[in-house]
Amino acid sequence: MIKQAIIPLAGLGTRMLPLTSVMPKELMPINGKPNLEYILDECIDAGVKEFIFIISQKKLSIKKYFFNDNFYRKILKKKKDKRVLKEYKKIKKYQKMIKFVYQNEPKGTGDAVLKCKKFIKSKYFLMLLPDDLIIRNNCSKEMIQLHKKTNGSIIATKRVEKKTVSRWGILSIKNKKKKYFQIKDVVEKPSIKKAPSNFAIIGRYILPTKIFTEIKKLKPGQGGEIHITDAIRSLIKKENKFYGNIFTGKYLDCGTLSGYINSGIQIFKGK
Ligand code: UTP
C-alpha cells in the first residue's frame, strides 16, 4: 500500500521571480487556495497518510503556514469566527500528516528525494512535484491502482505536441495498452528527431526504495543537478519495471507565470 508521499519544495522558483523572492511558489494561491493544498488533497483522497516535505531555510514560510497554532489560537480567543475555525481545523488535519526534511542547497530533485530515505517505511512511495497540478480526475489514485495491478513503479504521463518534446522528459515505450504502457527508457529534453515518442513525464511518481541506492551513485547531470530521472533510468536498465500511467485528468503547469495565471482561470472555470 502507498501511504507516504514525498513533496520536494526546496527549489528556487527562478521562473516566477520576482514573486518567489518573497513567497514560495508552492504557497501562491490558485483560486483562493495555495497550490500545495491541491496536491495534499489529491494525495489524501488517494489514501496517503503521511507527507514528507523537503524545504530549505529560505522556505520556512511553508512550515509556518502549517504550524502557526499560536496565531490561530489568539484570533479564535478574541472572536469565534466560524470561517477561521474551519480553516484552522483543516490546517490541523494537514499538520498531523506532515514531516519536514531540509535541503538547503537546491542540488536537484534526486538529491531532495534522497534526503527522505530514513523516513520511508514501505517498499514504494509516491513523489509529487507541486508545480504540476492535475485536476478533474485524481492522478495519484489512478497511479496507485496501476501500481497494484502491475506491482511496478509508475510515472504519470501525457501526450504532448511533437514540436514541444524538447521541453520535456520523454518516455520510450513498449506494450502499449489504452491507459498505460511499459517504459523502455527515459530521454531528457530530446530533439524532435531523436524523441522516441511524444509521451512526456509529468510530476507524479511511484518509486521503489531501491531508488535511494541509485541516487547515491549519481554524479551531477544537466545543470549540475542530481536528477531523479537519471536514477530512474539506471533502475530501468537493471530490469526494474516502470509503467507510464496515461492519466485522465487535466494537466496545469504552475511553474511559470503564464501557466500559473492560466491554472487559476481553468480551476475557476471548472467550478
Ligand atoms: P523545478 O525545477 O520545477 O522548481 O522543480 P524550481 O527549481 O523551484 O523552479 P525554477 O526552475 O528555478 O523556476 C520541481 C519541484 O522540485 C523542487 C522545487 O521546489 C519544485 O517544487 N526542488 C527542485 C527541490 O526541492 N530541490 C531541488 O534541488 C530542485
Side-chain angles (χ1 to χ4, degrees), residues 4-30 33-43 51-66 98-117 119-120 125-134 139-140 155-158 160 164 166-169 186 188-189 200-205 207 211-212 215-216 218-232 251-263:
Q4 291 180 293
I6 291 181
I7 308 184
L9 301 158
L12 297 175
T14 51
R15 286 168 299 159
M16 285 184 77
L17 282 169
L19 292 169
T20 41
S21 66
V22 289
M23 186 172 193
K25 64 179 168 186
E26 298 85 358
L27 289 183
M28 289 191 15
I30 298 175
K33 169 167 123 170
N35 171 342
L36 186 53
E37 282 194 28
Y38 288 91
I39 301 284
L40 297 183
D41 292 344
E42 175 184 325
C43 290
F51 295 96
I52 302 156
F53 284 5
I54 303 136
I55 60 167
S56 68
Q57 289 298 329
K58 289 192 191 105
K59 294 179 93 171
L60 287 174
S61 50
I62 294 177
K63 191 170 189 181
K64 195 164 178 191
Y65 182 82
F66 293 98
I98 304 169
K99 284 197 171 90
F100 293 91
V101 301
Y102 290 83
Q103 185 202 30
N104 286 325
E105 256 184 84
K107 291 186 193 156
T109 45
D111 179 69
V113 167
L114 185 59
K115 303 266 185 235
C116 306
K117 184 175 182 278
F119 288 111
I120 298 298
F125 60 90
L126 194 59
M127 196 272 274
L128 302 94
L129 300 180
D131 284 4
D132 289 345
L133 281 193
I134 298 170
C139 178
S140 296
I155 299 179
T157 183
K158 81 186 266 293
V160 293
T164 69
S166 60
R167 297 211 312 248
W168 305 86
V186 185
E188 267 310 321
K189 303 185 168 62
I201 298 179
I202 305 297
R204 304 270 185 292
Y205 308 76
L207 298 171
I211 198 95
F212 297 124
I215 300 172
K216 274 186 201 160
L218 291 178
K219 297 222 164 70
Q222 240 172 37
E225 294 189 357
I226 307 273
H227 298 283
I228 195 71
T229 39
D230 290 336
I232 292 173
Y251 166 66
L252 301 171
D253 171 15
C254 300
T256 63
L257 194 56
S258 57
Y260 168 71
I261 292 166
N262 179 51
S263 303

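Starting from 1, each residue takes its place in the sequence as its number. In listed order, ligands and their atoms are each counted from 1.
Taking all heavy atoms of Pro8, Gly223, Gly108 into account, the minimum distance to atom 28 (O) of ligand 1 is reached by Gly108.
For the atom pair CE (Met127) and CD1 (Ile232), the distance works out to 6.5 Å, reported to the nearest 0.5 Å. Note: Ile30 CD1 to Leu36 CG = 10.5 Å, rounded to the nearest 0.5 Å. For the atom pair Gln57 CD and Asn104 CG, the distance stands at 5.0 Å (nearest 0.5 Å). Note that CZ of Phe51 is 8.5 Å distant from CG of Leu126, once rounded to the nearest 0.5 Å.
For ligand 1 and Asp131, the ligand atoms under 4.0 Å from any heavy atom of the residue are 1 (P), 3 (O). Near Lys107, meaning under 4.0 Å from any of its heavy atoms, are these atoms of ligand 1: 28 (O). Set against the non-hydrogen atoms of Glu26, the atoms of ligand 1 under 4.0 Å away are 19 (O), 20 (C), 21 (O). Proximity to Pro130 (heavy-atom distance under 4.0 Å) selects the following atoms of ligand 1: 21 (O).
Checking Asp131, Thr14, Thr20, Asn35 one by one against Lys25, the side chain to side chain donor-acceptor pair (under 3.5 Å) holds for a single residue, Asp131. Considering Leu27, Leu129, Ile62 in turn, Ile62 is the only one that fulfils the side-chain contact (heavy atoms from CB on, under 4.5 Å) rule with Leu9.
With a 6.0 Å cutoff to the six-membered ring centre and a 45° limit on the axis angle, Lys33 counts as a cation-pi contact of Tyr38.
The protein heavy atom nearest to atom 23 (C) of ligand 1 is Gly11 CA, 3.9 Å. Here the heavy atom of the protein found nearest to atom 26 (N) of ligand 1 is Gln103 OE1, 2.7 Å. In terms of protein heavy-atom proximity, atom 8 (O) of ligand 1 is closest to Gly13 N, 2.8 Å. Looking only at heavy atoms of the protein, atom 2 (O) of ligand 1 is closest to Arg15 NH2, 4.3 Å. Closest to atom 12 (O) of ligand 1, if we only count protein heavy atoms, is Thr14 OG1, 2.5 Å.
Residue contacts with ligand 1: Leu12 is placed with a nitrogen or oxygen under 3.5 Å of a nitrogen or oxygen of the ligand (distance criterion only). Note: an N/O pair closer than 3.5 Å links Leu9 and ligand 1 by distance alone. At under 3.5 Å, a nitrogen or oxygen of Ala10, whether backbone or side chain, sits near a nitrogen or oxygen of ligand 1.
Environment of NZ in Lys64: sparse, with no more than 12 heavy atoms of neighbouring residues, nucleotides or ligands closer than 6.0 Å.
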Could you walk me through whether Leu40 and Phe53 pass the side-chain contact (heavy atoms from CB on, under 4.5 Å) test, one step at a time? CA-CA 11 Å; Leu40 297 183; Phe53 284 5; 3.8 Å; yes
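The shortest heavy-atom distance from Asp111 to ligand 1 is not under 4.0 Å. Not a single heavy atom of Gly255 sits under 4.0 Å from any atom of ligand 1. Residue contacts with ligand 1 include Lys25, since one or more of its heavy atoms lies under 4.0 Å from the ligand.
Taking the six-membered ring where the residue is Trp, Phe125 and Phe212 present parallel rings, their angle staying beneath 30° rather than reaching 60°.
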